[in-house]
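To keep things clear, I will list the structure first and then write my remarks on it.
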Amino acid sequence: MSALPPQYNPKDVEEARYAWWESQGFFRADPDPKRKPYTIVIPPPNVTGILHMGHALNNTIQDILIRFARMQGFNALWVPGTDHAGIATQNVVEKALAKEGKRRQDLGREAFLKRVWEWKEQYGNTILYQLKRLGASCDWRRTRFTMDEGLSEAVLEVFVRLYEKGLIYRGNYIINWCPRCQTALADEEAPRTETQGKLYHIKYPILRQGTGDRGQGKTTPVSRPMSPVSAFIEVATTRPETMLGDTAVAVHPKDKRYKTLIGKHAILPLVNRKLVIIADEAVDREFGTGAVKVTPAHDPVDFQLGKKHKLEFINVMTDDAKMTNVPKPYEGLDRLDCRSKLIVDLEQQGFLGRIDEHVHNVGHCYRCHTAVEPRLSPQWFVKMKPLAEPAIKAVKQGTIKFVPARWTKVYLNWMENIQDWCISRQIWWGHRLPVYYCESCRRRQETGDRRQAKAQRVSRPMSHVSEPGVIVSKTRPERCPTCGGTELAQDEDVLDTWFSSWLWPFSTLGWPKKTKDLAYFYPTDTLVTAQEIIFFWVARMVMAGYFCMKRPPFTTVSIHGTVRDITGKKMSKSLGNIIDPLEMIGRYGTDALRYTLVTATAIGQDIFLSEERFAAGRNFANKLWNATRFVLAQDGIEKYRVLPKAGKVPGTFSVADRWILSRLQQTTARVTKSLEASLFNDAASALYGFLWHDFCDWYVEIAKHVPAEQQPATRAILRHVLEQALRLLHPVMPFVTEELWQHLRQGTTKPPVSRLMSHVPISIMKAEWPKVEKRLIDREAERLFERLQAVITAIRTTRSELNVPVESRPPVHLASPQAEVRMFFEIHRPLLQQLAALGDISVEAKRQAVRHAAAMVVDGVEVLMPLEGLIDPAKERARLQQRLDDLTRQRAQAEARLKDRQFTTKAPAEVVEQTKTRRAELQDTAKKVSEHLAVLQGM
RNA sequence: GGGCGGUUAGCUCAGCCGGUUAGAGCGCAUGCCUCACAUGCAUGAGGUCACAGGUUCGAGUCCUGUACCGCCCACCA
């Protein structure tokens with residue numbers, strides 16, 4: 001291996017390193033009864049997706065966990081893959097088709113699907129390549145796709161099982177309908193956004209008492225024009241066009257204004273339909289006029305009202321949101337055009353009241369952002385309550401834990417109020433429902449039910465009934481089990497994409513087959529995800545896990561924050577505030593990106609990012625690079641493969657040696673603990689501080705000046721500490737650590753000459769995770785070294801403040817009454833000279849009286865720096881006086897605290913002791929400083 | 001309407017089980033091209049820990065309330 005280039009260039013190492021790891025099979029994991037598994041399932045990114053910062057954070061965290069586990073000796077498996085993202089993918093392909101001037105209907109289902117598959121083959125792996133650039137150490141052999149044969153099999157299996165248990169049913173429900181995508185959307189797929197709209201007040205004439213029958217909810221059109229009108233009831237709506245489907249008006253039962261009207265009828269303007277006025281607590285008296293029009297087929301609340309009060313359900317919109325089943329002038333109009341026309345017509349005929357500006361929450365399709373229409377339509381549902389039970393129990397009992405724990409409540413709250421899940425989608429790309437309809441059964445039903453001729457117009461909500469002629473089967477049935485007919489048609493709909501993703505933790509391991517993988521790797525360990533997806537995916541995976549496997553899919557759910565820009569906005573394309581992770585990788589390197597993401601926040605907190613932060617990561621990588629260059633440049637470094645015991649090498653371990661080794665142990669403990677607790681930022685910054693400040697700023701500087709007889713020990717330690725710290729850093733910054741580690745290893749290990757060497761790992765990612773060596777923890781060395789640091793820093797500070805040029809190497813007098821302290825400084829005299837740029841150093845028991853000297857008192861040690869001609873005595877006096885004032889103030893504080901603590905029994909003795917020591921130190925220091933001041937004043 | 005999070009240096013954020021003198025990075029100022037690194041070294045300035053109460057010998061940390069910012073959930077038509 002060639003020497004390290006002087007400049008660190010991430011591009012030179014990253015791709016090659018990744019390819020090498022992969023070719024060596026380091027990412028692979030297979031069942032091995034001798035080792036403990038550690039498994040992560042990747043949240044399958046959407047196949048149309050590209051890597052955004054949220055993915056980058058998510059996958060960095062997962063990669064840290066998996067690399068950490070791998071180095072700890074676990075058989076670590078990370079299964080990658082993508083989901084087929086039904087609507088999104090279909091959209092992409094449809095867009096491409098549109099450029100050719102075609103619609104999917106022009107191709108037909110089969111040809112269209114072929115196009116989608118082609119697209120998937122060509123572009124579907126983009127995000128996986130991007131994950132590789134991020135360094136993700138997935139077992140790529142196992143890459144899965146939710147439309148794979150195996151995973152599709154799992155989907156059908158679950159559908160059939162659920163159906164057979166009565167947990168899947170078909171029904172007419174109000175669903176969110178995207179008129180553009182022409183499909184049903186789950187509530188989670190139609191997030192509400194605040195929308196500026198208008199609140200239209202419309203006057204519905206009230207039918208005079210005594211006319212019309214009082215039959216509940218029967219709405220026969222009023223044949224006569226509205227002559228018997230006595231007054232109006234005014235309602236408010238944001239979607240006037242839905243009035244055409246109104247079948248009632250509702251008021252609050254206790255609302256005095258309308259009390260007398262309850263049970264009477266109103267007339268729907270323009271349509272002349274008779275509407276019953278009902279009373280229901282769901283109505284908000286405060287809102288609008290306190291009276292609400294009821295459109296059971298086009299509003300979720302009204303739907304509930306409709307069921308409760310047995311109203312008619314009139315569907316007035318087609319799949320593409322054109323009006324239907326409405327009076328002539330409106331028939332076929334687009335919903336919005338109809339709205340405008342209605343307003344004009346209402347106005348002309350005097351039915352229109354006020355129009356207010358109104359901000360309301362409207363659901364928008366999460367794919368195309370079209371406003372969704374609540375709409376009655378036949379869909380397939382999963383009954384969720386029974387599935388939720390074990391999923392609730394698991395979390396309550398702690399079988400599954402959330403990190404941070406506060407998400408537990410969010411999860412439970414949702415689970416306990418869970419709604420049935422609409423799983424059918426009216427698109428082509430996806431798993432087609434394994435449902436078949438017998439044509440002859442259907443025909444028989446229709447003829448036997450002629451009265452339902454109006455059914456086209458009026459549909460009633462269905463509840464779960466197993467319908468004759470409906471066959472649910474994994475494979476296409478030969479004949480209808482009811483009538484034996486062979487004319488069978490498969491349901492046109494496909495399943496919600498999440499219906500395949502919720503099976504991911506076990507379907508990727510081979511379920512429903514009983515595979516070795518499944519037995520060994522399931523349940524998985526950690527699920528890392530963003531909070532947005534708790535309901536979408538996490539909750540459902542838990543349910544699926546219990547339903548299919550009778551066991552949880554994972555044991556820990558680690559929720560990380562959302563990545564936001566510097567102003568707190570969510571990063572999104574439409575806001576144009578995207579920081580592209582790949583661009584950052586290109587500019588600063590993958591390690592820098594990962595480091596920055598990980599240090600940016602404590603887990604669970606949102607992350608605010610700005611580009612400057614990535615430079616810090618790059619600088620850190622560069623620092624490591626250069627530190628390693630320094631270490632490698634030491635003569636004879638190749639001899640030090642292992643850390644010798646003190647005394648086994650020429651020279652003994654100095655205080656600095658003991659200090660850095662001790663600090664390494666502390667760091668190892670801290671990093672290990674932090675990673676185990678998902679405190680990634682803590683682990684990363686502990687390593688940053690140790691490597692940069694302890695190792696580079698101090699130990700490396702010291703290493704440059706150790707006497708010859710101690711050099712072997714120092715070199716061994718330089719190499720050891722760096723090598724160990726690189727291991728600790730590897731999960732966070734895999735590339736640069738591997739590169740440097742290889743050079744260190746190459747520089748320090750003879751090539752394997754026998755099989756005895758075969759245990760030596762050839763990659764840092766397979767190296768053992770450092771253990772804390774208790775024997776190397778050395779509090780005394782830490783204390784001593786800290787004193788040395790304090791003295792050096794004090795001297796530097798003074799020089800800097802007094803503008804003493806570096807090239808003048810002033811002498812220094814040290815004084816301490818303690819013999820061991822004097823001894824310590826005698827030994828470290830050369831070091832002190834180097835690091836503080838000093839001339840002669842004298843060490844004495846008693847302070848000398850030196851005129852024209854800068855004086856410092858550090859940790860009980862007096863430091864005098866004679867600076868004849870270099871300092872202004874007045875300036876120095878002022879400096880000392882300032883110092884003395886500070887000390888006096890601090891002492892007063894300590895005194896007050898001590899009083900508090902001493903005269904109570906509750907303050908622990910230890911704390912009182914600490915305060916006493918502190919006070920004594922301050923007193924001693926103040927005394928010495930004032931003596932120096934006195935000397936100066938004598939001048 | 002419910003629930004949750006945040007408020008600490010100019011900026012972005014750490015701060016564990018309450019305990020010495022509240023930290024980091026960036027930015028800023030000053031001095032340094034010191035033979036690993038100017039993507040660097042040294043030094044410094046900068047904080048009433050949002051506000052008000054409370055618990056405690058002791059509160060950035062625990063409790064209550066207030067204000068502001070943000071997020072999630074919910075059927076304001």
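Chain naming here is simple, since letters A, B, ... match the order of the sequence lines and numbering starts at 1 in each.
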Q: Apply side-chain hydrogen bond (donor to acceptor under 3.5 Å, both in side chains) to A:Y204 and list each qualifying residue two or more places apart in sequence or on a separate chain.
A: A:D246
Q. Does RNA chain B take part in any stems of at least 3 consecutive Watson-Crick or G-U pairs (both distances under 3.5 Å), and if so, which ones?
A. B:1-7 with B:67-73, B:10-13 with B:23-26, B:28-32 with B:40-44, B:50-54 with B:62-66
Q.
If I pick the P atom on B:A36 and the same atom on B:A42, what distance separates them, to the nearest angstrom?
A. 15 Å
Q) What interatomic distance, in whole Å, is found between P of B:G27 and the corresponding atom of B:C73? A) 38 Å
**Q.** P-based separation of B:G47 from B:C11 [nearest Å]
**A.** 12 Å
Q | Closest nucleotide among B:G25, B:A36, B:U20 to the A:R918 side chain | A | B:U20
Q.
Taking ring pair (Phe, Tyr, Trp, His ring centres under 6.0 Å) as the definition, give me every residue that meets it alongside A:Y8, ordered by chain and number, with sequence neighbours left out.
A. A:W625
Q.
I need the CD-C1' distance between A:E921 and B:U20, as an integer number of Å.
A. 9 Å
Q) Taking the side chain of A:A627 as heavy atoms from C-beta outward, which of B:C75, B:C4, B:A36 is closest to it? A) B:A36
Q: Anything under 30° is parallel, anything over 60° is perpendicular, the rest tilted; go ahead and classify A:F620 against A:W692.
A: parallel
Q: Taking atom P in both B:U66 and B:G60, compute the distance separating them and give it to the nearest angstrom.
A: 23 Å
Q: Considering only atom C1', compute the distance from B:U56 to B:G18 and round it to an integer number of Å.
A: 9 Å
Q) What distance, rounded to whole Å, do you find between the two P atoms, one in B:C16 and one in B:C62? A) 8 Å
**Q.** A:K704: partners by side-chain hydrogen bond (donor to acceptor under 3.5 Å, both in side chains), with sequence neighbours left out
**A.** A:E701
Q. Please give, in whole Å, the distance from B:C37 P to A:L632 CG?
A. 14 Å
**Q.** Nearest-angstrom distance, C1' atom, B:U7 to B:G44
**A.** 28 Å
Please write out the pairs of protein N or O atoms and N or O atoms of nucleotides 59-61 of chain B separated by less than 3.5 Å, giving the distance to one decimal.
none

Q) Cut-off 3.5 Å, side chains only: do A:Q890 and A:R918 have a donor facing an acceptor? A) yes
Q: Could you tell me whether A:R239 and A:E373 make a salt bridge, using a distance below 4.0 angstrom between a side-chain N and a carboxylate O?
A: yes
What nitrogen or oxygen pairs link the protein and nucleotides 40-44 of chain B at under 3.5 Å?
from: B:G40; atom 1: OP1; to: A:N619; atom 2: ND2; distance (Å): 3.0
from: B:G40; atom 1: O3'; to: A:K623; atom 2: NZ; distance (Å): 3.0
from: B:C41; atom 1: OP1; to: A:K623; atom 2: NZ; distance (Å): 2.8
from: B:C41; atom 1: OP1; to: A:W692; atom 2: NE1; distance (Å): 2.6
from: B:C41; atom 1: OP1; to: A:D697; atom 2: OD1; distance (Å): 3.4
from: B:U43; atom 1: O3'; to: A:T797; atom 2: OG1; distance (Å): 3.2
from: B:U43; atom 1: O2'; to: A:S800; atom 2: OG; distance (Å): 3.2
from: B:G44; atom 1: OP1; to: A:T797; atom 2: OG1; distance (Å): 3.4

Q. Shortest non-hydrogen contact from A:L675 to A:F680?
A. CD2-CD2, 3.8 Å
Q: Using only side-chain N and O atoms of A:K704, determine if any of them is under 4.0 Å from OP1 or OP2 of B:A36.
A: yes
Q | Closest-nucleotide 5' rank along RNA chain B - winner of A:K673 and A:N626 | A | A:K673
(Q) Measure CZ/A:R715 against P/B:A36 and give the value in whole Å, please. (A) 13 Å
